[in-house]
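Below: the structure, in structure tokens.
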Amino acid sequence: MNRTYKIGIFDDEGKFISAIRTLKEQKFEIFDVFTPYPVHEVFHLLKRKSRLPTAAYFFGLFGIVATLGFLYFTSVVNWPLIYGGKPFNSFPSFIVVTIVVTILTVTLASLALFSARSKLFPGRDNTIFDLRATDNKFVIVVDTNPTDMAAAMRVGDIMNEYGASEVIDKEFENVQA
Amino acid sequence: MYNRKIRGPLIEGNKSLGQITQEIASPMEVKQGLWWYIAFFISSLAAVFGCYAIYITVYKGIGTWGVNNSVAWGWEIVNFVWWIGIGHAGTAFSIFLLILRQKWRTSINRAAEAMTVFAVMCAALFPALHMGRVWDAFYIFPYPNTRGPLWVNFNSPLFWDFSAITAYLLISASFWYLGMLPDLGTIRDKTASKIKKAVYGLFSMGWTGSSRQWIRFESLSFILGGIAAVLVVSVHSIVSTDFAVGIEPGWHTTIFPPFFVVGAIFSGFAMVMTLMVLIRKIYKLTDYVTDNHMDAIARILVFISLIMGTAYVTELFISWYSGNQYDMFTMFRNRVTGDYTIQFWGMIVCNALIPQLFWFRKIRRNWIGLLSISLIINIGMWLERYNIVITSLSKDYLPSNWVSYSPTIIDIGVFVGTIGLFGTGVLLFMRYIPMMAISELKSVANIGTKKED
């Protein structure tokens with residue numbers, strides 16, 4: 001089913017942020033905003049949070065335990081060999097490999113999680129609301145309700161009031177974002 | 001802001017956002033100059049020479065190299081450590097400065113990371129070839145095998161080295177690619193050509209710049225930056241343990257890990273400087289990489305040069321102070337004087353003395369000065385590794401083992417080949433990938449300019 005989105009395009013970061021603030025205050029649901037670079041105030045206003053750091057911490061924990069476990073298993077249980085008169089479980093010399101493999105685990109696992117959560121992978125075709133959002137425009141996208149045209153009008157008015165350079169209505173089928 | 005008063009604007013010329021996109025992306029849109037084709041031809045020629053040398057090495061064995069029973073590690077290990085050192089700076093540059101929130105990194109980090117990836121690729125080639133039977137190289141992976149399973153020796157620095165370099169290559173490549181996503185999206189949305197749109201669309205993986213993507217992107221950058229900072233320090237420390245754990249005089253010292261890490265950052269920053277001087281000159285990007293940027297790198301280099309000088313003196317002092325006659329011999333009779341004087345004093349002059357010229361503001365702001373000193377530093381760092389590897393091995397405890405070492409044409413061929421590979425990689429990078437992080441530049445466009453107030 002096609003849906004209509006109200007798209008406000010801003011040239012200026014300050015005006016863009018005030019428009020978001022007002023839309024939020026008036027309880028309009030913002031679908032998402034698109035910017036050429038990360039704007040931190042947007043994260044606060046839209047209450048965007050990322051739990052990636054927590055996940056990365058647990059990936060790291062897993063990496064440490066798994067690597068040390070593997071080293072213990074191979075060097076003590078599976079095929080013990082004496083190197084230079086040292087004990088089978090020569091813990092200090094396992095530390096180096098553990099650090100490196102843990103870092104690798106965290107990196108690859110966080111990347112995979114990032115790719116899955118943000119839906120970014122080769123061949124992915126996320127909906128681009130306005131091509132200029134990756135260049136020099138700040139874009140606010142509001143999902144309008146076809147039964148409530150007055151609200152959609154009001155959204156457009158707010159965008160214009162705060163200095164949007166353009167306000168467009170666009171229809172999209174199967175939005176992926 | 002504190003930085004502003006000292007350094008001035010990060011990007012000069014009051015650029016608008018659209019202008020930034022346009023100017024950074026333009027080298028990818030227009031035809032490259034004649035110089036590009038000439039440079040590409042020379043680099044590929046060097047790479048072909050390298051392929052020939054590698055073919056001979058694999059076909060006939062490493063007997064075609066200059067190595068012998070005493071000097072079992074020759075140019076290949078020298079080159080390996082040199083390339084890995086260069087590869088360090090890209091990540092050191094972007095990651096340490098990211099964590100320290102030094103915004104001036106934004107103009108340089110992309111090129112520095114690209115350089116890292118190519119340099120580590122060149123470096124990884126050498127240990128693999130040095131195994132002799134490169135087709136058996138997979139034996140070093142600890143996988144359940146039919147030989148027992150006989151596992152690799154996890155206590156060996158050589159295995160640590162393998163794991164560190166593999167991890168480093170994967171991580172620096174992912175970090176580089178991650179940073180590139182928004183810019184690939186920008187190119188995809190801007191280009192008119194259908195083929196380009198498809199290709200950049202595939203590689204940008206559906207980047208839209210939504211707030212959800214940006215917040216995750218930022219937090220992932222910090223996660224990768226934070227842990228890769230540990231990796232940067234550990235990788236070169238591990239490379240140094242290849243030597244420090246051995247009992248050769250001149251290798252068996254505890255100064256090696258910090259000494260190697262600092263040396264690596266030294267040579268890498270010098271390579272970053274070489275590249276940036278050329279890029280800003282050729283592509284006229286002086287508004288983005290300003291004289292202040294180059295000045296900052298030069299200041300870092302002069303500081304590291306002092307550390308290097310201190311380390312060289314410390315090494316000599318400790319060998320005298322320890323009273324170990326073998327160490328004394330290696331340091332004073334085989335490096336400071338003796339067969340390898342040229343390499344030793346070359347290293348001192350190139351690494352500890354010449355970079356002191358960066359104390360002068362005029363030289364820090366003169367592109368010829370920057371370019372030549374950065375090249376000299378890299379020559380000096382190569383000589384340093386030559387000193388460490390060759391002098392210790394050629395004359396060790398038993399005089400009956402003493403031999404001299406000289407490389408063969410095959411040794412030289414492999415080295416020239418990696419330089420060609422590096423050059424080819426960098427040239428392709430200049431042509432097909434935005435040379436600076438466009439999205440990051442936009443976020444600092446206003447810092448230090450009037451627009452901000």
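Chain naming here is simple, since letters A, B, ... match the order of the sequence lines and numbering starts at 1 in each. Only this structure's heavy atoms are used, side chains among them; waters, hydrogens and symmetry mates stay out.
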At what distance, to the nearest 0.5 angstrom, does [atom1] of [X] lie from [atom2] of [Y]?
X	Y	atom1	atom2	value
A:Thr134	B:Leu184	OG1	CG	11.0 Å
B:Ser219	A:Lys49	OG	NZ	13.0 Å
B:Ile223	A:Thr54	CD1	OG1	8.5 Å
B:Arg216	A:Ser50	CZ	OG	6.5 Å
B:Arg188	A:Leu131	CZ	CG	8.0 Å
A:Glu13	B:Leu17	CD	CG	8.5 Å

Donor on one side chain, acceptor on other, A:Arg48 and B:Ser211, under 3.5 Å: yes

So what's closer than 4.5 Å to chain A heavy atoms on [X]: side chain, backbone, both or neither?
X	value
B:Leu202	both
B:Lys442	both
B:Glu218	side chain
B:Leu231	both
B:Ile215	both
B:Leu181	side chain
B:Ile227	both
B:Ile187	neither

Validation row, ring centre B:Trp207 to ring centre A:Phe34 under 6.0 Å: no

Which heavy atom of [X] sits nearest to which heavy atom of [Y], and what is that distance?
X	Y	answer
B:Arg212	A:Phe31	NH1-O, 3.6 Å
B:Phe154	A:Val97	O-CG2, 4.3 Å
B:Asn155	A:Phe94	OD1-CE2, 3.7 Å

Counting heavy-atom pairs under 4.5 Å to chain B, which of [options] comes out on top?
options	answer
A:Asp11, A:Val101, A:Val33	A:Val33
A:Ser115, A:Ser75, A:Ala133, A:Ser93	A:Ser93
A:Val100, A:Thr102, A:Thr107	A:Thr107
A:Phe121, A:Phe70, A:Tyr57, A:Tyr83	A:Tyr83
A:Leu108, A:Leu104, A:Val141, A:Leu111	A:Leu104

So which residue, [options], ends up with the most heavy-atom pairs under 4.5 Å with chain A?
options	value
B:Pro149, B:Pro142, B:Gly226, B:Ser439	B:Pro149
B:Ser204, B:Pro157, B:Ala25, B:Ala167	B:Ala167
B:Ile238, B:Ile171, B:Val235, B:Val152	B:Ile171

For [X], is it the side chain, the backbone, both, or neither that has a heavy atom closer than 4.5 Å to a heavy atom of chain B?
X	result
A:Arg51	neither
A:Ser110	both
A:Leu71	side chain
A:Leu46	side chain
A:Phe138	side chain
A:Leu81	side chain

Whether A:Phe114 and B:Phe217 hold their rings parallel, tilted or perpendicular, with breakpoints at 30° and 60°: tilted

Taking atom [atom1] of [X] as the centre, report whether more than 12 heavy atoms of other residues, nucleotides or ligands fall under 6.0 Å from it.
X	atom1	answer
A:Lys15	NZ	no
A:Tyr72	OH	no
B:Phe203	CZ	no
A:Glu29	CD	no

N-O pairing of B:Asp189 and A:Arg132 below 4.0 Å: no

